[in-house]
2 protein chains.
Amino acid sequence: MKATEIPERMSSRGRRLTRQRVLVAEALASAKRALSAQELYERIKTSHPTLGRATVYRALEAQVQDGMASRFERDGHVSAYIACDAEHHHHLVCTRCQRVLDLDETVVAPLLSSVGRRHEFQVDHAALDFYGLCRRCRRKRP
Amino acid sequence: MKATEIPERMSSRGRRLTRQRVLVAEALASAKRALSAQELYERIKTSHPTLGRATVYRALEAQVQDGMASRFERDGHVSAYIACDAEHHHHLVCTRCQRVLDLDETVVAPLLSSVGRRHEFQVDHAALDFYGLCRRCRRKRP
DNA sequence: GCTCTCATGAGATTGGGTCTCAACCTAGGG
DNA sequence: CCCTAGGTTGAGACCCAATCTCATGAGAGC
């Protein structure tokens, strides 16, 4: 997501546009990898020392609800967040370098329909996250 | 996994066969659904009050390492465990009645390999959750 | 400006999970 | 059958991510 569209996206749902929420959104949008709430908190705190931890959690939750970010698990017990655009809601997460790749959505559509058919379940949306090693880390392999 | 094969599986890797580990393995094997460590602890504790919490975590970790159980995330923050032969790693969540159905795992394997191939990504595990309407709710009303 | 709310910050609290360590018990050798 | 070595246990302290509380602060419409 481009930094310039953050304000409009944020206020489009009747949410108030606060300095803190913009900061969180910008920090996430400019991140090269998935970040935990704690990491975001610490990053922003260096330039805005009064920021509260709970505010970061609330801002992230709002972004997830509004489709500006998505959450998944890292290391089995920490939530990590990444900014997302409308097209890519599923991810390949490298468990070594933490890099997040977007899953080619054309793979997903047939899956949704086949799952729906087999289980007589009308799938509205899905959360698909794949964990493993990216190409780069696979080569280094210890 | 059948209860009778638990002891041999457990001692096959040089692990000691203790009463507590057998209890955890049996409780997990007889469970109809995925259970958290806490839930297992409470279940076993009713009949064996001296059982320690840490022991349950250690036993589950050992089972995961030995391929007798697998772990995945539930509700975003809680680890849940299931005996390995059972195939309930992914879910269909009904957004109306909140019922959770288990996804037929045979759908998943081909997906993992196709995703891996397309993105040159070595998939270790995945978190797949599908949201929509279950058969029952679908019949009632749109 | 005014005011109505929603949002924030600081710290307390919750709760899953891990660590510590003395006591205990399994497995294997004699 | 006994003995020993070393893995295992139980209890509680501890860790830390995440949530809750509530007085204070600040968007946004009027």
Side-chain angles (χ1 to χ4, degrees), chain A residues 6-28 34-66 68-69 71-81 98, chain B residues 6-28 34-66 68-81:
Chain A
I6 289 176
E8 62 180 288
R9 276 289 282 279
M10 293 193 67
S11 52
S12 64
R13 285 240 191 153
R15 267 185 225 292
R16 291 186 183 168
L17 188 62
T18 67
R19 174 156 194 68
Q20 292 87 341
R21 286 189 181 159
V22 173
L23 285 170
V24 172
E26 285 177 350
L28 193 59
L35 296 175
S36 68
Q38 183 65 28
E39 288 169 331
L40 278 164
Y41 170 65
E42 285 163 5
R43 286 188 178 201
I44 304 171
K45 187 121 184 162
T46 58
S47 53
H48 297 80
T50 64
L51 182 73
R53 196 180 299 109
T55 300
V56 175
Y57 282 98
R58 285 182 292 229
L60 287 170
E61 179 57 31
Q63 282 194 57
V64 170
Q65 279 180 17
D66 295 354
M68 295 171 62
R71 165 170 53 198
F72 53 88
E73 297 305 309
R74 196 170 76 187
D75 306 330
H77 59 284
V78 181
S79 285
Y81 298 82
Q98 307 299 326
Chain B
I6 289 177
E8 63 181 284
R9 276 289 283 279
M10 294 193 65
S11 52
S12 64
R13 293 237 314 201
R15 266 185 225 292
R16 292 189 182 168
L17 188 61
T18 66
R19 173 153 195 66
Q20 292 86 339
R21 286 190 180 156
V22 174
L23 285 170
V24 172
E26 285 177 349
L28 192 59
L35 296 174
S36 68
Q38 183 66 29
E39 287 168 332
L40 278 164
Y41 171 64
E42 286 162 5
R43 285 189 179 202
I44 304 171
K45 186 120 184 165
T46 58
S47 53
H48 298 80
T50 66
L51 183 73
R53 255 175 3 116
T55 301
V56 174
Y57 282 97
R58 286 182 292 228
L60 287 170
E61 180 57 29
Q63 281 193 57
V64 170
Q65 277 180 18
D66 295 355
M68 296 172 62
S70 66
R71 166 171 51 198
F72 59 92
E73 297 304 310
R74 198 169 71 186
D75 307 330
H77 306 104
V78 182
S79 285
Y81 298 82

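In the text below, chain A, chain B and the rest are named by the order of the sequence lines, each starting its count at 1.
Of all heavy-atom pairs spanning B/A59 and B/R21, the tightest one is CB-CG, 4.1 Å.
Put simply, CD on A/E61 is 18 Å from P on D/dA17, counting in whole angstrom units. What separates CD1 of B/I44 from P of D/dG10 is a distance of 10 Å, to the nearest Å. Here C/dG17 presents its C1' atom at 10 Å from CZ of B/R71, a figure rounded to the nearest Å. Atom CD of B/E42 and atom P of C/dG17 are 12 Å apart (whole Å). Distance B/L23 CG to D/dT8 C1': 14 Å, rounded to the nearest Å. Across the protein-nucleic acid pair, B/Y41 atom OH and C/dG17 atom P stand 14 Å apart, rounded to whole Å. Atom CG of B/L51 and atom C1' of D/dG12 are 15 Å apart (whole Å).
The side-chain heavy atoms of B/T55 and B/V24, taken from C-beta on, include no pair separated by under 4.5 Å. Side-chain contact check for B/Q38 versus B/V78: every heavy-atom pair is 4.5 Å or farther apart.
Expressed to the nearest 0.5 Å, how far CG of B/L23 lies from NE2 of B/H48 amounts to 4.5 Å. Here A/R53 contributes atom CZ and A/L40 contributes atom CG; the two are 13.5 Å apart, rounded to the nearest 0.5 Å.
Nearest to the side-chain atoms of B/R21 among the listed nucleotides D/dG10, D/dA18, D/dT9 stands D/dT9. Distances from the side chain of A/R58 to the nucleotides D/dG10, C/dT8, D/dT8 place C/dT8 closest.
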I'd like a list of close polar pairs between nucleotides 26-30 of chain D and the protein, N/O only, cut-off under 3.5 Å.
from   : atom 1 : to    : atom 2 : distance (Å)
D/dG27 : N2     : A/R16 : NH2    : 3.0
D/dA28 : OP1    : A/L17 : N      : 3.2

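By the salt bridge (charged side-chain N to carboxylate O under 4.0 Å, His left out) test, A/R71 pairs with A/E61, sequence neighbours left out.
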For nucleotides 11-16 of chain C, 5' to 3', base contacts (B), sugar-phosphate-only contacts (S) and non-contacts (-) with protein non-hydrogen atoms under 4.0 Å give -----S
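Checking the phosphate oxygens (OP1, OP2) of D/dG10, a side-chain nitrogen or oxygen of B/T55 falls inside 4.0 Å.
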